[in-house]
Novice: 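Pasting a structure below so you can have a look.
Hydrogens, waters and symmetry mates are skipped; everything else that's a heavy atom, side chains included, is used.
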Amino acid sequence: MRDADGDDAREGQYSDDRHHGADPRGGAVGQGRSEGTQSVAHGPSRLSGVRTLLHDGRAALASPNRNARSAVVLGRLLGIAFLVCFGTGIYSHLLQEPLGWMRFPTRPTQLYQFTQGLHITTGIAIIPLLLAKLNTVMPALVQTPPVRGVLHLLERVSIAVLVSASIIQVVTGLLNTYQWYPWPFPFRQVHNALAYVIIGSLVIHVAAKLPVIARYWRKRDSYDEHGRFIADPASGSELLPAAQEARPASAPHGLVGRVFRWIDGVDAAGGGAEARPAGPAADPDTASRASRPTPEAATGRRERIARRGFFAGVTAATVGVVALTAGQSSKLAEPFNVFGARGRGIGSNGLPVNRTARAAGVLATATAADWTLTVVGHDVSRTFVRAELVALGTTQVDLPISCVEGWSQVATWKGVRMRDLLDAVQAPQGSHVRVTSLERHGGYRIMDMGPEYAEDPTTLVALELNGATLDLDHGFPARIIAPGRPGVLQTKWIERIEVLR
């Protein structure tokens, strides 16, 4: 007779009554027994079976790595990574869609190269960290009862939102670096909206788990002198050892079982590393082996080895994905750029290309003999052919081209300063400028530029790149290059510059 929570005992009692011909509510057993009686007899059994299944599943997931301290450590790293991605992502979004009063720094000239490279690299680092955190909190998925009240339900909903939004965000962000969009929604707008959803649900999650975070923030408060995890039920953690809330689950027997228990730091009784259940094990053979005590120091040593191995693996995975992709935006990591979407120094004019002239539909218009650049001021307008632009005087600058997909590269540009073109049409100081491309379709064919960029001496209408005439795919006959702006705002194949105000 099982007596885990009383339900099994009652089930056994009913079985005995039926065996002796008695109805558990009184009266003889017969065909006339009501269906309600069957519900009383079998309903608690089903509930007990579900609880037992959850208990056993939770105990089976027990590991030295799956405790509140590990969850707090990984949560700290993820929190920092999400905040870095949020801040750099919002900066990139505002550069592309600024509010009317906003002004942005143009120095250092490699500012956007740094912020967007950091954004993409940190986003990639989130992937192994997020997988490690989900692995650590797996026992919480099978807690009993699954929901303890309205507030607990709201907390679990917020966690579900946080996890699902985070997975969608990092997966779509990673695919965006390869310019692959197998979904029907606009990436940039959804990516920006999900960032707020993630930060909002993260704040709720941190607030709900604050007692656990405070309790296990420091390592010295989380493990005893032998290195064993200190389970504190008062903290409210959902990652308590199985022995404190469930009977031990069955474990593999024989040599395999011994090896698994040693690796995970699980004692011979079959419970978790921190679970040292009292009472005999379900299997007599296991019980006889469990009678041999395990020294606390040896148990602590095995738990430390398991934890360190786990975190060493997480560290190696995180460092690996960062090192093998950061080369697309950092020259220092360039030799290790194995998985980066763009290689440095590869492409026409020694520079990668995102959008080709053929894709933009400008093969004919950009190479037409009658191409001109029209500059429109408030009172004066002028039209320039390429030779007249050169006659205005050219300037050479070294500026990075930094794309939102994460790749960046410094190049040498030569062309006419934007300030000189604005002076040619008597545009006042502090003018806002609109630049229009020869493209007839596309979200960036029209670009607005604030006065901080229009007046910067390094902002050019570029005619040459890396010592040669602009390649057609890089914007021939003329394109914009300005310091500290995303590549999508460095408009190619320009035909018109207009002073707005």
Side-chain angles (χ1 to χ4, degrees), residues 58-85 118 121-142 159 162-163 166-167 170 174 202 205-206 209-210 212-232 235 237-242 259-267 271-275 294 296-326 333 336 339:
R58 187 171 176 85
L61 291 172
S63 168
N65 312 319
R66 295 177 177 140
N67 59 48
R69 167 64 183 174
S70 297
V72 169
V73 171
L74 291 169
R76 282 201 306 239
L77 296 174
L78 276 173
I80 294 171
F82 275 126
L83 289 175
V84 169
C85 280
L118 181 62
T121 302
T122 306
I124 291 174
I126 284 177
I127 296 174
L129 292 176
L130 183 59
L131 292 175
K133 180 64 180 287
L134 292 176
N135 176 276
T136 299
V137 300
M138 281 178 64
L141 300 177
V142 290
I159 293 174
L162 173 61
V163 172
S166 299
I167 292 174
V170 296
L174 180 63
L202 181 61
H205 178 62
V206 170
K209 297 297 184 184
L210 200 56
V212 182
I213 295 172
R215 172 63 181 82
Y216 292 106
W217 184 262
R218 297 186 300 182
K219 180 179 179 181
R220 66 186 182 188
D221 297 331
S222 305
Y223 302 106
D224 63 17
E225 67 276 12
H226 300 295
R228 298 177 302 169
F229 176 69
I230 301 172
D232 184 2
S235 68
S237 172
E238 296 174 342
L239 295 174
L240 292 178
V259 172
F260 282 178
R261 288 192 292 272
W262 185 87
I263 291 174
D264 290 336
V266 178
D267 64 20
E274 299 87 3
T294 302
E296 294 181 351
T299 303
R301 180 178 63 84
R302 290 199 297 269
E303 293 183 15
R304 282 196 300 268
I305 291 174
R307 289 193 300 268
R308 289 172 180 174
F310 173 71
F311 278 98
V314 174
T315 301
T318 305
V319 172
V321 297
V322 168
L324 297 178
T325 56
F336 311 103
F339 299 116

Novice: Mind running side-chain contact (heavy atoms from CB on, under 4.5 Å) on Ile126 and Ser166 for me, showing each step along the way?
Specialist: CA-CA 9 Å; Ile126 284 177; Ser166 299; over 6 Å; no
Novice: Mind listing the closest non-hydrogen atom pair of Ser235 and Val212 along with its distance?
Specialist: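 Reported closest heavy-atom pair: O-CG2, 3.3 Å.
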Novice: Can you tell which of Leu134, Val142, Asn135 makes a side chain to side chain contact (heavy atoms under 4.5 Å, CB included) with Met138?
Specialist: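 It is Asn135; the other options fail the test.
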Novice: Nearest 0.5 angstrom please: Arg215 CZ to Asp221 CG, how far?
Specialist: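 Nearest 0.5 Å value for the CZ-CG distance: 6.0 Å.
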Novice: State, to 0.1 Å, how close Phe229 and Arg307 come at their nearest heavy-atom pair, and which atoms those are.
Specialist: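 The pair with the smallest heavy-atom distance is N-NH1, 4.4 Å.
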Novice: Just to verify, what does Ile167 make a side-chain contact (heavy atoms from CB on, under 4.5 Å) with, not counting sequence neighbours?
Specialist: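 For Ile167 the side-chain contact (heavy atoms from CB on, under 4.5 Å) partners, ignoring immediate neighbours, are Leu130, Val163, Val171.
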Novice: Can you tell me how far apart OG1 (Thr122) and CD1 (Ile80) are? Round to the nearest 0.5 Å.
Specialist: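 Separation between the atoms: 10.5 Å.
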Novice: Which atom names give the shortest non-hydrogen contact between Pro139 and Thr136, and what distance separates them?
Specialist: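 Looking at all heavy atoms of both residues, the closest pair is CD-O, 3.6 Å.
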Novice: Side chains of residues 68-78: which donor-acceptor pairs under 3.5 Å do they make with residues two or more places apart or in other chains?
Specialist:
from  : atom 1 : to     : atom 2 : distance (Å)
Arg69 : NH1    : Tyr216 : O      : 3.1
Arg69 : NH1    : Trp217 : O      : 2.6
Ser70 : OG     : Asn65  : O      : 3.0
Ser70 : OG     : Asn67  : OD1    : 3.3
Arg76 : NH1    : Trp217 : O      : 3.0

Novice: What verdict does the side-chain contact (heavy atoms from CB on, under 4.5 Å) test give for Leu174 and Ile127, after you've listed the backbone C-alpha separation in whole Å, the side-chain angles of each residue and the deciding distance to 0.1 Å?
Specialist: CA-CA 10 Å; Leu174 180 63; Ile127 296 174; 4.1 Å; yes
Novice: Of the non-hydrogen atoms in Val321 and Ala125, which two are nearest, and what is the gap between them?
Specialist: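 Reported closest heavy-atom pair: CG2-CA, 4.4 Å.
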Novice: How long is the span from the CZ atom in Arg304 to the NE2 atom in His226, to the nearest 0.5 Å?
Specialist: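 So the gap between those two atoms works out to 9.5 Å.
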Novice: Could you state the interatomic distance from OG (Ser63) to CD (Glu303), rounded to the nearest 0.5 Å?
Specialist: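 Taking OG in Ser63 and CD in Glu303, the distance rounds to 9.0 Å.
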Novice: Specify the closest pair of heavy atoms between Pro64 and Ala306, including all atoms of both residues, with the distance to one decimal.
Specialist: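 For Pro64 versus Ala306, the nearest heavy atoms are CG-CB, 3.9 Å.
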Novice: Roughly how far, to the nearest 0.5 Å, is the CG atom of Leu202 from the CD1 atom of Ile159?
Specialist: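 If I round to the nearest 0.5 Å, the distance is 11.0 Å.
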